[in-house]
Chemist: 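One structure, as structure tokens, below. Some questions next.
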Protein chains: 2
Amino acid sequence: MSDNELKAIKVPEPSLRRLPWYLSNVKLLKKKGEHYVSSTQISKETNIDASQIAKDLSYVNISGRTRVGYEVDELIAVLEDFLGFTNEHRAFLFGVGSLGGALLRDTGLNHFGLKIVAAFDVNPELIGQAINGIPIFHSDDFQKKMEEYDVNIGVLTVPIEIAQDITDKMVEGGIKAVWNFTPFRIRVPENIVVQNTSLYAHLAVMFNRLNFNRSSK
Amino acid sequence: MSDNELKAIKVPEPSLRRLPWYLSNVKLLKKKGEHYVSSTQISKETNIDASQIAKDLSYVNISGRTRVGYEVDELIAVLEDFLGFTNEHRAFLFGVGSLGGALLRDTGLNHFGLKIVAAFDVNPELIGQAINGIPIFHSDDFQKKMEEYDVNIGVLTVPIEIAQDITDKMVEGGIKAVWNFTPFRIRVPENIVVQNTSLYAHLAVMFNRLNFNRSSK
């Protein structure tokens with residue numbers, strides 16, 4: 001299945017978030033020497049209802065065989081393609097601070113289809129440098145670089161004070177999706193995709209649950 | 001409000017995830033010189049219903065004044081404390097690969113209450129080294145180090161093949177909360193907290209939405 005074919009499907013977010021779980025599970029089963037896998041088997045491994053798994057997989061263009069289930073190699077290939085991990089999606093990163101620098105160094109993102117091709121900052125000590133082979137330009141050069149590189153994703157790792165301003169500039173410059181790592185809730189026009197990954201919000205949930213468990217002993 | 005006081009409250013996860021948005025917004029308003037802030041004002045800035053904001057803030061032990069709203073400094077202090085950002089939560093990190101190494105380098109987590117005090121791996125080239133001042137030990141030394149350090153959070157950044165195995169060892173060793181960065185759905189006993197931060201799942205959602213928008217033009 002190509003990008004072209006999945007164009008009409010807006011898969012519900014919870015399903016999209018579960019599909020990578022199935023993918024990693026099936027990859028593991030493949031390593032263990034399995035050739036076929038059923039929803040029931042994935043269910044046992046992931047603690048997710050088999051009916052839910054079958055429903056999630058129904059968005060993906062693959063059909064299992066009665067009794068034996070899905071062919072492992074095919075399921076992996078179809079899932080990776082469906083999730084966009086086999087395409088190269090080029091991105092700019094904005095804000096080479098601690099987290100931004102860390103993301104530039106994380107080569108894992110490459111294997112899941114995201115290629116950060118350049119970064120922007122205003123710190124004179126960073127401009128002209130490169131991290132992990134990724135060049136760092138002055139933020140003022142963003143528009144110019146948009147013409148040079150074929151990019152439609154922006155990774156946002158700037159301080160909260162400028163999160164909205166940089167987002168506005170990105171959108172003006174032609175960025176179509178913002179991966180927001182700041183704890184700031186950015187506003188964008190309706191046709192722009194935003195994905196929020198707030199590590200701090202996840203920490204807050206973890207701390208609260210830890211406290212709750214500790215006290216309810 | 002201390003950890004002790006919030007012990008009985010299990011705040012719904014969606015509320016916990018929104019509270020850091022309000023916090024960063026209020027911090028920004030403070031920088032702009034504001035002394036008071038109302039739910040309506042936060043609502044305008046974040047595009048979240050004022051009634052929802054008031055409800056979320058009702059979990060936090062703070063009350064606004066009619067007409068003027070919440071006192072900015074107090075709201076920031078109470079939110080940071082409530083979310084656990086002012087406490088030091090000590091953590092071990094498991095798996096010093098690309099993402100693990102990146103997280104060790106991200107000093108931002110410190111400002112939100114997470115202090116990674118040691119890391120574990122089996123790579124002989126890493127053991128005995130330190131990243132950002134954080135020592136890296138052999139995974140076999142985990143139990144011994146649990147006695148040495150006062151830790152109850154484990155950050156999981158290992159390859160998926162060993163994600164479950166390392167999780168089991170963590171829990172056996174006394175870890176109470178696992179921050180899971182792998183795309184693998186780990187299983188834990190009921191009393192153990194798990195917070196999943198799958199960058200790859202977020203990428204999948206972003207890619208799908210991008211494709212959908214592109215095709216629906």
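Since we're looking at a predicted model, the values are computed, not measured. In what follows, every chain begins at residue 1, and chains take the letters A, B, ... in the order their sequences are listed.
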Chemist: Taking the side chain as every heavy atom from C-beta outward, state whether A:Ile186 and B:Trp21 have any pair of such atoms under 4.5 Å apart.
Modeler: no
Chemist: Report, as yes or no, whether the 6.0 Å neighbourhood of atom NZ on A:Lys145 holds more than 12 heavy atoms from other residues, nucleotides or ligands.
Modeler: yes
Chemist: Where is the tightest heavy-atom contact between A:Asn191 and B:Asn213, given as atom of each residue plus distance?
Modeler: O-ND2, 3.0 Å
Chemist: Which region of B:Thr197, side chain (C-beta onward) or backbone (N, CA, C, O), has a non-hydrogen atom less than 4.5 Å from a non-hydrogen atom of chain A, or is it both or neither?
Modeler: both
Chemist: Rounded at 0.5 Å granularity, tell me how far CG in B:Asn110 sits from OG in A:Ser98.
Modeler: 9.0 Å
Chemist: Can you find a heavy atom in the side chain of B:Arg214 that is under 4.5 Å from one in the side chain of A:Asn152?
Modeler: yes
Chemist: Take the angle between the ring planes of A:His202 and B:His202 and call it parallel below 30°, perpendicular above 60°, tilted in between.
Modeler: perpendicular
Chemist: I'd like to verify something: which residue of A:Ser15, A:Gly97, A:Ala177 has the highest number of heavy-atom pairs under 4.5 Å with chain B?
Modeler: A:Ala177
Chemist: Could you give the distance from CG (A:Leu28) to CD (B:Glu161), rounded to the nearest 0.5 Å?
Modeler: 6.5 Å
Chemist: Taking all non-hydrogen atoms of both residues into account, name the closest pair between A:Arg185 and B:Asn47 and its distance.
Modeler: NH2-O, 4.0 Å
Chemist: Could you check whether atom CG of B:Asp150 has more than 12 heavy atoms from other residues, nucleotides or ligands sitting under 6.0 Å from it?
Modeler: no
Chemist: Calculate, to the nearest 0.5 Å, the distance between atoms CG and NE2 belonging to A:Leu210 and B:His89 respectively.
Modeler: 7.0 Å
Chemist: Is there a side-chain contact between B:Leu199 and A:Trp179 (heavy atoms, below 4.5 Å)?
Modeler: yes
Chemist: Count the heavy-atom pairs under 4.5 Å between each of A:Ile153, A:Thr182, A:Leu104, A:Leu23 and chain B, then report the option with the highest count.
Modeler: A:Ile153
Chemist: Measure distances from A:Ser198 to the heavy atoms of chain B and classify the residue's part below 4.5 Å as side chain, backbone, both or neither.
Modeler: neither
Chemist: Rounded to the nearest 0.5 Å, what separates atom CG in A:Asn208 from atom NZ in B:Lys10?
Modeler: 8.5 Å
Chemist: What residue, out of A:Thr107, A:Leu103, A:Ile192, has the most heavy-atom pairs lying under 4.5 Å from chain B?
Modeler: A:Thr107
Chemist: Count the heavy-atom pairs under 4.5 Å between each of B:Gln164, B:Arg17, B:His111 and chain A, then report the option with the highest count.
Modeler: B:Arg17
Chemist: Got a second to check how far A:Arg105's CZ is from B:Asp106's CG, nearest 0.5 Å?
Modeler: 10.5 Å
Chemist: Provide the closest heavy-atom pair for A:Pro20 versus B:Ala204 in the form atom of the first, atom of the second, distance.
Modeler: CG-CB, 4.4 Å
Chemist: Counting C-beta onward and ignoring hydrogens, is there a side-chain heavy-atom pair between B:Phe207 and A:Leu83 closer than 4.5 Å?
Modeler: no
Chemist: Considering only heavy atoms, which portion of A:Lys27 lies under 4.5 Å from any heavy atom of chain B: side chain, backbone, both, or neither?
Modeler: side chain
Chemist: Would you say A:Arg209's side chain and B:Val193's backbone share a donor-acceptor pair under 3.5 angstrom?
Modeler: no
Chemist: Would you say B:Tyr200 and A:Phe85 make side-chain contact, with heavy atoms under 4.5 Å?
Modeler: yes
Chemist: Compare every heavy atom of B:Pro183 with every heavy atom of A:Ser24, then report the nearest pair and how far apart it is.
Modeler: OG-O, 2.8 Å
Chemist: Given that the side chain runs from C-beta out, which part of A:Pro12 has a heavy atom under 4.5 Å from chain B: side chain, backbone, both or neither?
Modeler: backbone
Chemist: Calculate, to the nearest 0.5 Å, the distance between atoms CZ and OG1 belonging to A:Arg187 and B:Thr46 respectively.
Modeler: 8.5 Å
